[in-house]
Number of protein chains: 2
Amino acid sequence: MTRAHSEMVERIGRFSDALKKSRLRLTHQRLEVAREIACNTTHPDVETIYQGVRQRIPTISLDTVYRTLASLAALGLIARVSVSSGPTRYDANLARHHHFLCTRCGLIRDVCSAALDAVRAPEEANDLGTVESVEVQLRGVCEACAGKESLHGKEEGHGEHW
Amino acid sequence: MTRAHSEMVERIGRFSDALKKSRLRLTHQRLEVAREIACNTTHPDVETIYQGVRQRIPTISLDTVYRTLASLAALGLIARVSVSSGPTRYDANLARHHHFLCTRCGLIRDVCSAALDAVRAPEEANDLGTVESVEVQLRGVCEACAGKESLHGKEEGHGEHW
DNA sequence: GTTACTGCAAACTTTTTGCACGACA
DNA sequence: TGTCGTGCAAAAAGTTTGCAGTAAC
């Protein structure tokens with residue numbers, strides 16, 4: 001946990017510095033939203049972040065959370081997770097990584113893998129444009145959902161939910 | 001174009017067969033929605049499909065298009081493209097493929113590549129769950145946007161729009 | 001003291017749902 | 001003919017925007 005904790009502290013420090021440099025004001029609300037997402041590895045959506053921050057700032061409004069996340073994303077401090085439809089999710093992990101996505105419950109988890117990092121854009125892609133990043137998405141069923149299914153028996157098998 | 005055309009005809013045939021087998025009724029609206037998406041390689045969103053179909057069935061309603069696309073997806077005949085946020089997009093190409101995504105304009109194009117098909121889930125992923133599919137996303141700037149930028153000069157450089 | 005940020009409310013966009021009429025099998 | 005699908009309208013969910021007061025610098 002020490003590793004994760006120091007990473008988190010570092011992220012919050014980086015947020016503060018970047019806000020100062022960008023002449024954006026370092027408000028209580030922004031700091032708490034930044035902390036909320038920096039401590040979170042589950043790619044939360046806006047509503048979830050809002051609920052989390054509200055425990056510390058009960059008067060914060062949902063649109064402030066939206067605006068703050070947009071600002072942090074514009075500064076490149078966090079990234080929109082463009083993996084699933086539905087509510088927008090954010091990711092404070094800017095290190096190169098990939099995603100595992102549960103097709104049952106929508107869970108998204110980071111996958112760090114040197115093998116996947118090594119994947120390069122193929123020649124064919126050059127016809128379409130300039131490739132700047134390569135990300136691999138693994139889709140499947142998470143442990144939790146697999147557990148539920150073996151208990152209840154198969155319930156459904158149709159198309160992708162996520 | 002003959003290749004693409006026969007592929008398209010085949011898809012529409014597959015749609016009809018699958019609808020019959022699933023005791024879903026073969027209505028005029030469903031057939032035209034199916035045709036619209038079968039002929040399209042640009043991963044259109046619901047609104048775009050609606051506009052396209054409306055040229056042939058001016059009285060069709062947007063929610064019918066929504067419902068039809070949901071039905072086709074539930075039957076596994078088309079897939080939701082889970083690549084970007086924003087409006088949901090659909091893809092009639094069920095062959096294994098990957099995606100190129102323009103971070104400027106949101107364009108999504110299919111990328112077929114044996115090299116990318118060969119990418120396998122790493123060991124680490126087994127801790128998270130059972131991986132069923134692997135898809136690679138290439139993000140970058142498409143030809144059209146690259147052309148615009150070199151004309152107007154750089155206008156912006158902040159985070160991901162898509 | 002400025003200027004930017006927040007909270008509130010209202011608007012907007014995308015998607016879903018309830019219901020009565022009409023079409024498919 | 002019976003059931004399913006459609007169109008309409010209204011609602012729900014997610015997100016953005018305008019404005020007046022408040023807080024940061």
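The figures that follow rest on heavy atoms only: side chains count, while hydrogens, waters and symmetry mates do not. Chain naming here is simple, since letters A, B, ... match the order of the sequence lines and numbering starts at 1 in each.
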Between [options], which nucleotide has the shortest distance from any of its atoms to the side chain of [X]?
{"X": "A/R67", "options": "C/dT2, C/dG7, D/dT3", "answer": "C/dG7"}
{"X": "A/T64", "options": "C/dC8, C/dT14, C/dT6", "answer": "C/dT6"}
{"X": "A/R25", "options": "C/dC8, C/dC24, C/dT3", "answer": "C/dT3"}
{"X": "B/R30", "options": "C/dT15, D/dG5, D/dT15", "answer": "D/dG5"}
{"X": "B/L24", "options": "D/dG14, D/dG5, C/dG7", "answer": "D/dG5"}

No-hydrogen, no-angle side-chain donor-acceptor test under 3.5 Å, [X] and [Y]:
{"X": "B/S61", "Y": "B/T64", "result": "yes"}
{"X": "A/H98", "Y": "A/Q137", "result": "no"}
{"X": "B/D110", "Y": "B/H43", "result": "yes"}

Notebook entry, point to check: Between A/A70 and B/R23, who's closer to the 5' end of DNA chain D by nearest nucleotide?
Noted result: B/R23
Distance in angstrom units between [X] [atom1] and [N] [atom2], rounded:
{"X": "A/H28", "N": "D/dT22", "atom1": "NE2", "atom2": "P", "value": "18 Å"}
{"X": "B/Y90", "N": "C/dT15", "atom1": "OH", "atom2": "P", "value": "8 Å"}
{"X": "A/L69", "N": "C/dC5", "atom1": "CG", "atom2": "C1'", "value": "15 Å"}
{"X": "B/Y66", "N": "C/dT13", "atom1": "OH", "atom2": "P", "value": "12 Å"}
{"X": "B/D63", "N": "D/dA11", "atom1": "CG", "atom2": "C1'", "value": "13 Å"}
{"X": "A/I57", "N": "D/dT22", "atom1": "CD1", "atom2": "P", "value": "18 Å"}
{"X": "B/Y50", "N": "D/dT6", "atom1": "OH", "atom2": "C1'", "value": "13 Å"}

Item checked: Side chains of B/Q29 and B/V53 in contact at under 4.5 Å (non-hydrogen atoms) -> no
Check: Roughly how far, to the nearest 0.5 Å, is CZ of B/R139 from NE2 of B/H99?
Finding: 12.5 Å
Check: Does OP1 or OP2 of C/dC5 have a side-chain N or O of A/T27 closer than 4.0 Å?
Finding: no
Notebook entry, point to check: Is A/Q29 near enough to D/dA23 that one of its side-chain N or O atoms lies under 4.0 angstrom from OP1 or OP2?
Noted result: no
Next item on the list: Under 4.0 Å between any heavy atoms, over every strand shown, what does B/D45 touch: base, sugar-phosphate, or nothing? Just pick one.
Entry: nothing
Margin query: Nearest heavy atom decides the nucleotide; on that basis, is A/S61 or B/L26 closer to the 5' end of DNA chain C?
Written below: A/S61
